[in-house]
Amino acid sequence: MKLLNDDESLDLLCGHTFISKFPTEGFKKLSVQAVHHCEGNPLALEVLGRLLAEENSLQYWKSTLRSFETEIAFGIQCILLRSYELLPHHFNRQLFLHIACFFVGKDKDYVEKILEDDCSAISGIKILSNRCLLSVSPKNKLMMHNLLQEMGKDIVRQEALKFPAKRSRVWLSSDSYKIMSKGEGSETVEGLALDMEMLRKEEFPVKSLKLKTDALKNMDKLKLLHFNLVYLDGSYENVSEDLRWLCCKLEVFEPPMVLQSLKILNLKDSYNLVEIRNMSRIPHLETLILWNCHSLVRVCDSIGQLASLALLNMTGCKKVCKSQKRNALVRLVASSFSGGVAEQPTFSFPQSLKQLFLKDCHLECTDFFPLNFRFQTSLKYLNLGNSLFELLPCYEHLKSLRVLDLSLCLRLKWILCLPSTLAELYVYYCKSLEKISFQSHRFTLQEFGYEGCISLSQIEGFIKLVPIAKLEENDLGHMNWLKEYQNREVCLVGDDELTKGRSPCVQVLYEFGIMSTSLPDIKDPNMKPKYVSELSSLSFEVPSCPMNRKLKGLDVTFRYTISGDDYLAWFCKISTTNGVDLMYNPKVFGKPKFGNVGIWLSYWPIGNTLDIGDIVNVSIVVMSGLEVQECGVSLVYADENVTKETLKNNMDWEEILGGDLFGFQLSTGAYYLCRRDFYELMEVGKLTTDWFRILVGDTIDNTEVRGWRKTGRPKQLNPSFTELKIVQCIIHGPQLEEVYKIAKMPKSSFVDKTLEFTSSMFRKTMKSSTSSKSSDTTIEKRSLKVVLKVDFTNDKEKIKALKKVSRLSGIDSISADMKDKKLTVTGDIDPVQIVAILRKSWHTELVAVEPAKEEKRDGKKEEKRDGKKEDKDDDQKKKEEALLEAYKSYNPYMPQYYSTHSVEENPNACAIC
């Protein structure tokens, strides 16, 4: 660990006590004294700083520092120990010792569930974190500095230096083995860990692998017990009833007694587990984890009677699901000979289930295992990934279902009648999937993952993408001539999830009631438009209809080439003098090879909105990547006595633009028919900042389309859906109790809440610190200097980084140093925004944020004014430095002073909580 000098130590101490680099008036001498005790150790400075920050009074500081004088020989360890002793409650100290001995590296929520009743763990963990005695990692793991962890263990050692059996906690496997083999357990033991695998690796002399349960009889206070590869012989009758945590490896699980308080049972990675018995002995069980119990064959039927079981994870339990089918067949055969009625499978799912994981079980939908979950009407999350069924039953009765994961179901062809409450659907690499429909006939999903679904052609209320080769001529209506080009090839782009791996043949897209296709550069008389322009826009007046004909809509086409930019962004826009205002960005479209010409052809069924004499304006608005060579428009008519064309009858496609498009309407009344977030593309530098102004003019701000989704304007999420986004289904593995995120969100949905908070905090504080103290209430803008370390590797990347940052408003100057890989930006800027943009392409760290120096007049330094002015400048400086320290403390990209370590445990154990 690198020690700090006196100045650095004072800065760090003051940062934790005063949230400033400078001590408050009157505390400077005491601060120097405190720094002296810490001997430059960052951890001691942080711990002592947090301790002193609890009360900013001279009397409290003097009393606290005086307590170190008599124990000065102990130095840093004394400071850490004193912080532990001054914890407000006895159970806070017990919690610290439990974590130091057994739970470093464990999931915070997992530990809270185990220790809440005894140690008030939820509030206690916050107290320990505030004292810098504990930290919580970004992955929600409890982390503790190794000095603190060793201090906690040493506190326990001092309870009985030469007799581990008389200590409250025994974490060394060598000590635990001696206690268990000799039956030396005592009533003082609250926690014990024994890993026979670790002893074998350490070549510890083990006399017998089988130990007797008699050694547990005297441990009346035993709450935490961790066994790995330990074989016990005897009765569990006298095991402590206070047992909260049990880790062991076994072949048959049967609760030794009725466990009224047990809520979480974790048997994850119990590869040898074959059978589970007598689950009725755990009547209040809420979570059951059987993940990767590959050998599990039998589960008792009493599991279906667990009225509180909300989460069941059977991921990878292939044999138990196969045995369900086999046992049912045996019973069916037996009943056919006896004339009786066939019994149901050996176990059923409880009605109380809310989350059910059946991934990698290779399920088939049969009469014996129908997968209809008829009685599990409270289900919110269902994972049936990597199954073998071709069709699922209708789930319209699952009114609470929010998340459905069917990824890697390679045989699945249709998903029909999904409930309207569903918020997330994942069908990654369902290669045979063709159609998805909804109970409400509307697409309302907040998250939808469909990459690798190369056969997917219809998503109700969303899109249809069908190869022309699969359509009949009457399916295409007045565009039936396209059949001639069904074998031509076009590279489709726009939505990588939809186009990746898909056939390159010409396809037709149906979206928002608009029919479109992309073609190579062909010459066909059917494509000769009535109105043509060599520019990217044109206008015309709607003429009167021919005799006995009715105007159905418009054919819009344009020819284009690629301009060289990596990303293609454009809209087709139609507006009229009678109020029609539409702008459309297709989900997919063709990308010709560089130098070749591509054609986009579309049909807009808006004839019912057009009147004779209306002026129609059509334009192709390009933001990036295309050059329009020509655009054209034709009017599409139909016989008056034909009310519906075959498109409606054969393709189930309503030939009228409109429907439920409220979510796509802007505040101006225009319809923004788009299913992607172009605002995000601007933030990562793929689009210029004026892209929206190019599209709609200056009438509205581009923030109106920020966070645009597949369903249009962002909506307030259902609370239950929001909870499911980061539901922590406790499937804690034996070494690191992993937090299983129910469904991986796409990049566009992730929001760095820390950055968002810091940004708003930074702007708010800057506004406060720069407010004029005079009667004039205007805000004085303060220029900042921001220094960042950016991992660009060559001049080309450096120029690209400069270009990205230069697009931001308020920039005064930018400079880059290739040698040190540093980027310096000055101006009225937001550091958070700069970091967020650069981190999309490079690893970026914030090095410094400070007020920019004002220009010197006539090359001379500005002389200081009177004393009041100097004091005012000092106050202002302190405020700004306090602000910057606060900013750094919240910034997730700042480097840490030291690393953390977790306890050694066997990754193959399992937990019973």
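All values below come from the heavy atoms of this structure, side chains included, with hydrogens, waters and symmetry mates left out.
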* Can you name the residues that form a side chain to side chain donor-acceptor pair (under 3.5 Å) with S634, not counting sequence neighbours? ->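 Not a single residue meets the side chain to side chain donor-acceptor pair (under 3.5 Å) criterion with S634.
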With a 3.5 Å distance limit and no angle check, can you tell me whether [X] reaches the backbone of [Y] through a side-chain donor-acceptor pair?
X    : Y    : value
H478 : Y637 : no
R502 : L456 : yes
R442 : F438 : no
S400 : K380 : no
T517 : Q507 : yes
S432 : L412 : no
K413 : L391 : no

* Asked: Is any side-chain N of the basic residue among E534 and R559 closer than 4.0 Å to the acidic one's carboxylate O?
  ->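 Salt bridge flag = no for R559 with E534.
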* To do: Before accepting this row, confirm whether a basic side-chain N of the pair R549/D639 lies closer than 4.0 Å to the acidic partner's carboxylate O.
  =>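 Salt bridge between R549 and D639, a charged N being under 4.0 Å from a carboxylate O: yes.
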* Asked: What residue pairs, at least two apart or across chains, pass ring pair (Phe, Tyr, Trp, His ring centres under 6.0 Å) with a residue in residues 688-707?
  ->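 Found F678-W691.
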* To do: Enumerate the residue pairs fulfilling salt bridge (Lys or Arg N to Asp or Glu O under 4.0 Å) with a member in residues 661-675, sequence neighbours excluded, ordered by first and then second residue.
  =>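 Qualifying pairs: E511-R675.
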* Which pairs pass salt bridge (Lys or Arg N to Asp or Glu O under 4.0 Å) with one or both residues in residues 581-590, sequence neighbours excluded? ->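 Salt bridge (Lys or Arg N to Asp or Glu O under 4.0 Å) check on residues 581-590 returns D495-K587.
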* Asked: So, S602 and W600: side-chain donor and acceptor under 3.5 Å apart, yes or no?
  ->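 Absent: no donor and acceptor within the cut-off.
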* Pairing residues for Y450 by the ring pair (Phe, Tyr, Trp, His ring centres under 6.0 Å) criterion, not counting sequence neighbours ->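 If we apply the ring pair (Phe, Tyr, Trp, His ring centres under 6.0 Å) test to Y450, skipping adjacent residues, the hits are F448.
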* What do you reckon, is CD of E472 surrounded by more than 12 foreign heavy atoms closer than 6.0 Å? ->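 Counting neighbours around CD of E472, 12 or fewer heavy atoms of other residues, nucleotides or ligands fall under 6.0 Å, so no.
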* **side chain to side chain contact (heavy atoms under 4.5 Å, CB included) partners for E489, two or more places apart** =>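 If we apply the side chain to side chain contact (heavy atoms under 4.5 Å, CB included) test to E489, skipping adjacent residues, the hits are P504.
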* **Criterion ring pair (Phe, Tyr, Trp, His ring centres under 6.0 Å) against Y584, the qualifying member of Y672, F571, W604** =>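 The option that passes is W604.
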